[in-house]
Structures are given as C-alpha cells and as structure tokens.
Participant: 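Below is one structure. I have some questions about it.
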Amino acid sequence: MSGGLLKQLAYTLSSRCFATFSRPSTHPSPSRFFTNRKLRELSQPNSLAAKFSTSSPETPTPSAEPFASPFLSVQIRCQKHVADMLSEALLCFGASSTSIKEEDNYDGKDEICIDSIFPVGEDVNTCISRAADSISLKEIPSYEVRMGEPFDWIKKTQESFHPVEVTEGLWIVPEWRIPLDAEATNIILNPGLAFGTGEHPTTKLCLLLLHGLIKGRELFLDYGTGSGILAIAAVKFGATSSVGIDIDPQAITSARQNAALNNIGPEKMQFHLVASQNGSPLIDPCGVVEDQGSSGVEAISETDKYDVVIANILLNPLLDLADHIVSYAKPGAVIGLSGILSEQLPFIIERYSQFLEGISITEMENWACVHGTKKQNLAGS
C-alpha cells in the first residue's frame with residue numbers, strides 16, 4: 001500500500017510480490033498494528049485444523065506456542081501522511097512489527113511515531129534507509145533504538161485481534177475466540193499465521209463487494225489470497241467454488257488451514273502456489289527465495305475462467321499485472337481491485353478502463369476498491 005498520490009506509487013517492489021506484501025491488519029484505535037511473517041517464524045504452531053472446534057464451549061487459546069526473546073524497540077518519527085506506507089515498508093525490510101500511535105502529537109507538528117520491533121542483530125539503520133527509499137522519501141526519518149525485555153510477541157500480536165463485524169450478519173472471528181453471534185456468517189481465522197484479518201478497510205471493502213455480488217453458483221478467484229479470507233467468504237456467501245493463488249508458500253499453508261477451520265474442503269476451495277510472472281524462482285516480498293522444485297508449485301491455467309475475480313494487493317502490482325488479472329475473468333465477469341488509497345484511483349482507472357466497463361468505486365477511511373465488468377470484446381476472452 002502507499003500513501004500519497006505521487007510518492008511515486010510508493011513501493012518500487014517488483015511485480016513478483018503481487019500477493020503478500022503484508023496486507024495490513026489494523027489494530028483498533030487509537031493505534032494501528034502491523035506484523036510481519038517473521039512473527040510466525042518465531043513459533044512452531046500446532047495443526048490448526050485439528051486443535052480446535054468452533055463449537056467448543058470453552059474459549060480457545062491461540063494455537064501458536066509462546067516465544068519470548070529480547071528485541072530491539074525502535075521509535076521512528078515521520079510525517080503522518082507517510083506513516084502507513086512506511087510501516088509496511090519497514091516490515092518488508094526487517095521489522096517484525098510496527099504500531100502507529102494516532103494520539104502522538106509532537107508539539108503540534110504534523111508528525112507521528114511508529115513504534116517498531118526488530119530482532120536483535122538486525123541492521124536497523126539499513127532497514128529504515130531501504131524502507132524510506134522504497135517509498136521515495138528524500139530523507140531518512142529520525143529514530144531511537146533501545147533494547148527491549150523478553151516478551152511473548154506472538155501472544156501480544158494475537159491478543160490485538162478481536163471479532164470484527166464487517167456488516168450486519170458477517171463477522172471475522174479469531175480462532176481462539178467464541179463467535180458473538182452464532183447465527184451470523186462467521187469466518188474463522190488464525191490471523192497470527194496469515195495476512196488479512198478483516199480489520200483493514202481494504203479487506204472490508206472487498207468483503208462488502210463480495211457480499212453484494214455472490215448470489216449463488218459463482219466461480220470465484222482470489223488473486224493474492226493471503227489468509228484466504230476472501231475465498232472463504234465467497235464460499236460462505238454461496239459461490240460454487242473458490243480458488244486462491246499466491247506466491248508465498250506460507251500463505252497457501254495458512255489459507256488451507258483457515259479453510260479447514262471453516263469446515264470447507266478441497267471440493268469447494270482450492271489454493272495454488274504460483275511462480276512469478278517472469279518464470280524466476282519464487283521470491284517473496286521480503287526477499288526470501290523459494291526453490292520451485294520443493295515448494296509444491298501448482299499450475300493454474302489462464303483458460304480457467306471465473307465469474308468474480310478480486311485482487312486485493314498493491315498499487316504497482318495491480319498496474320503491472322493488469323492483463324494477467326483480467327485474463328482469468330469470463331467476459332462480463334466482475335473484477336474487483338483493492339489495496340489502493342483514494343488518491344491513487346486515477347492510476348487504476350486509467351489502467352483498467354481498457355478492460356472494464358461500468359466501473360464503480362467504494363471508499364473507506366481513505367482506502368478504495370474499484371470494480372467493473374470485463375468487456376465482452378477483449379482479445380483472448
């Protein structure tokens with residue numbers, strides 16, 4: 001995600017990171033909390049599918065085993081309008097988590113503090129420098145570093161997630177909490193192991209779009225599935241089947257586990273690990289190279305056409321991969337695009353106008369979702 005119309009589209013990451021550059025999980029006001037997959041790597045979670053039943057009379061506890069270690073606590077001061085995108089860039093370049101304190105006000109200045117956590121031994125200066133450069137900041141923000149006491153950051157992260165009511169009758173419920181409305185459509189997730197918790201406006205916008213679109217019997221594609229939240233929602237809304245694709249093996253594993261938590265089997269939902277568009281080895285957004293020979297890459301043909309396609313990813317990949325995203329949709333299918341700020345809408349509209357008609361826009365908290373129907377006369381449709 002990025003923050004100003006011309007921070008030059010914020011992230012200069014390649015299109016290979018189309019799926020999992022940390023869809024942000026917004027911590028309830030007054031601060032926003034973001035976490036990196038590195039938090040997942042600090043624990044060795046048990047099998048989610050087998051451990052808990054959503055109908056358990058007792059309040060479940062998080063499946064991830066506690067992990068305590070010393071850490072570097074880094075406070076970074078930056079302009080408010082770049083805080084969100086800098087937070088996510090920090091995650092990509094080495095931070096384990098970031099938290100934005102909305103109430104901070106430095107003598108009336110338009111500044112805000114990002115509290116971040118780094119593993120001991122991480123080159124904080126290099127991380128901040130690269131993060132700032134990736135979002136086109138001219139100067140490195142000022143920061144302070146101190147050693148933090150050992151703390152269970154997995155537990156802290158999981159405790160920050162609560163049931164989220166997206167709209168009346170639709171809830172996102174962490175695995176270890178009991179649904180507040182048993183009669184509602186409850187999507188059960190373990191956010192500690194995946195991207196996309198339902199709290200961030202981009203995810204809510206996509207869920208609301210799906211809620212209105214799915215009438216029954218549709219074939220749905222989640223392009224960049226992360227936690228699998230959208231694919232799961234589509235099936236629960238009545239889609240015949242959902243397919244989620246991602247470049248991150250851990251995301252695919254988490255999505256499958258989340259599908260199992262919702263008692264959705266492979267006959268209704270499939271998740272595929274896909275290679276990058278240039279055919280290079282799988283490279284995740286934080287630079288970890290995966291060996292295709294051992295990562296279980298599964299083929300998904302562009303001849304497979306879907307009634308609804310949603311890509312909730314990043315601005316630059318949405319622009320770079322437009323032809324690929326559209327190729328999966330049937331003529332007349334609905335395509336939804338999110339993960340963009342309202343200021344960035346002109347870029348998306350310009351890029352997708354050649355593919356879509358009847359384009360509509362919904363917005364929430366300065367984030368936007370664009371959707372339209374695929375034109376009937378497109379070449380290759």
Side-chain angles (χ1 to χ4, degrees), residues 23-29 31-35 45 48-49 51-64 155-216 218 220 222 225-239 241-242 244 251 254-265 268-269 271 308 310 312 336 338-339 362-365 367 369:
R23 294 179 186 169
S25 304
T26 307
H27 185 66
S29 181
S31 64
R32 297 191 298 285
F33 192 79
F34 303 85
T35 60
L48 303 183
K51 188 163 185 180
F52 294 120
S53 165
T54 57
S55 61
S56 171
E58 298 180 359
T59 302
T61 56
S63 346
K155 182 177 179 181
K156 179 179 177 65
T157 301
Q158 292 185 325
E159 286 177 347
S160 72
F161 295 108
H162 302 273
V164 176
E165 186 176 25
V166 178
T167 188
E168 185 176 357
L170 174 60
W171 287 81
I172 310 300
V173 183
E175 173 195 7
W176 52 89
R177 296 186 183 274
I178 295 176
L180 299 178
D181 182 356
E183 301 301 318
T185 299
N186 291 298
I187 300 174
I188 312 300
L189 290 182
N190 188 309
L193 297 176
F195 301 101
T197 67
E199 292 184 297
H200 194 269
T202 57
T203 308
K204 287 183 178 179
L205 287 168
C206 291
L207 287 169
L208 290 171
L209 175 61
L210 269 180
H211 194 255
L213 285 177
I214 301 297
K215 306 300 182 184
E218 292 87 354
F220 172 69
D222 184 6
T225 194
S227 67
I229 184 172
L230 299 182
I232 293 168
V235 171
K236 292 209 168 190
F237 294 158
S241 66
S242 282
S254 293
R256 287 172 176 162
Q257 291 172 334
N258 283 324
L261 286 176
N262 289 272
N263 299 314
I264 302 175
K268 298 283 290 184
M269 184 176 303
F271 295 100
V308 180
I310 289 186
N312 179 23
S338 195
T362 53
E363 297 179 75
M364 183 183 296
E365 298 177 22
W367 297 92
C369 178

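The structure presented is a predicted model; accordingly, all values stated were derived computationally and were not measured. In this chain, numbering begins with 1 at the start of the sequence shown.
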Participant: How close do V235 and S242 get, counting heavy atoms only, and between which atoms?
Facilitator: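 Closest heavy-atom pair between V235 and S242: CG2-OG, 3.5 Å.
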Participant: Atom CG of L205 and atom CG of L207: how far apart are they, to the nearest 0.5 Å?
Facilitator: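 Answer for the CG-CG pair, L205 versus L207, is 9.0 Å.
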Participant: Working to the nearest 0.5 Å, report the span between SG of C206 and CG of L230.
Facilitator: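 Between atom SG of C206 and atom CG of L230 there are 5.5 Å.
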Participant: Under a 3.5 Å distance rule, please check whether N190 uses its side chain to pair with a backbone N or O of E175 as donor and acceptor.
Facilitator: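 No.
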Participant: So if I apply the side-chain contact (heavy atoms from CB on, under 4.5 Å) rule between M269 and each of N258, I232, N262, which one comes out positive?
Facilitator: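 Exactly one pass, corresponding to I232.
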Participant: Start with the C-alpha distance between V166 and W171, add both sets of side-chain angles, then the distance that settles side chain to side chain contact (heavy atoms under 4.5 Å, CB included), and finish with yes or no.
Facilitator: CA-CA 6 Å; V166 178; W171 287 81; over 6 Å; no
Participant: Atom CH2 of W176 and atom CG of L189: how far apart are they, to the nearest 0.5 Å?
Facilitator: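 Taking CH2 in W176 and CG in L189, the distance rounds to 9.5 Å.
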Participant: Quick check for you: to the nearest 0.5 Å, what is the distance between H200 atom NE2 and M364 atom CE?
Facilitator: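 Atom-to-atom, H200:NE2 and M364:CE are 10.5 Å apart.
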Participant: How close do F237 and L170 get, counting heavy atoms only, and between which atoms?
Facilitator: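 Here F237 and L170 meet closest at CZ-CD2, 3.7 Å.
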Participant: Indicate yes or no: at least one non-hydrogen side-chain atom of P179 is less than 4.5 angstrom from one of P163.
Facilitator: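 Side-chain contact under 4.5 Å: no.
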Participant: How far does OG1 of T185 sit from NE2 of H211, to the nearest 0.5 angstrom?
Facilitator: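 Here the interatomic distance stands at 6.0 Å.
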Participant: Check whether any side-chain N or O of E183 sits under 3.5 Å from a backbone N or O of D181 as a donor-acceptor pair, and report yes or no.
Facilitator: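 Such a contact is absent between E183 side chain and D181 backbone.
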Participant: Between R177 and H162, is there a donor-acceptor pair closer than 3.5 Å when you use the side chain of the first and the backbone of the second?
Facilitator: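 Pair absent, no side-chain N/O of R177 close to backbone of H162.
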Participant: Can you see which heavy atom on F271 is nearest to which on A259, and at what distance?
Facilitator: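 Closest approach of F271 to A259: CE1-CB, 4.0 Å.
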Participant: Grab the two heavy atoms, one from C369 and one from L209, that are nearest each other, plus how far apart they are.
Facilitator: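 Minimum heavy-atom separation between C369 and L209: SG-CD2, 4.0 Å.
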Participant: Please tell me if the side chains of I187 and V173 come closer than 4.5 Å, counting only heavy atoms from C-beta onward.
Facilitator: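 In short, these two side chains do not touch, never coming nearer than 4.5 Å.
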Participant: To the nearest 0.5 Å, what is the distance between OG (S338) and CD (E363)?
Facilitator: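 With rounding to 0.5 Å, OG (S338) is 10.5 Å from CD (E363).
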Participant: Between T225 and A231, which heavy-atom pair has the shortest distance, and what is it?
Facilitator: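 The answer is OG1-CB, 4.3 Å.
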Participant: Less than 4.5 Å apart, side chain to side chain, heavy atoms only: is that true for V164 and K204?
Facilitator: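 A side-chain contact under 4.5 Å exists here.
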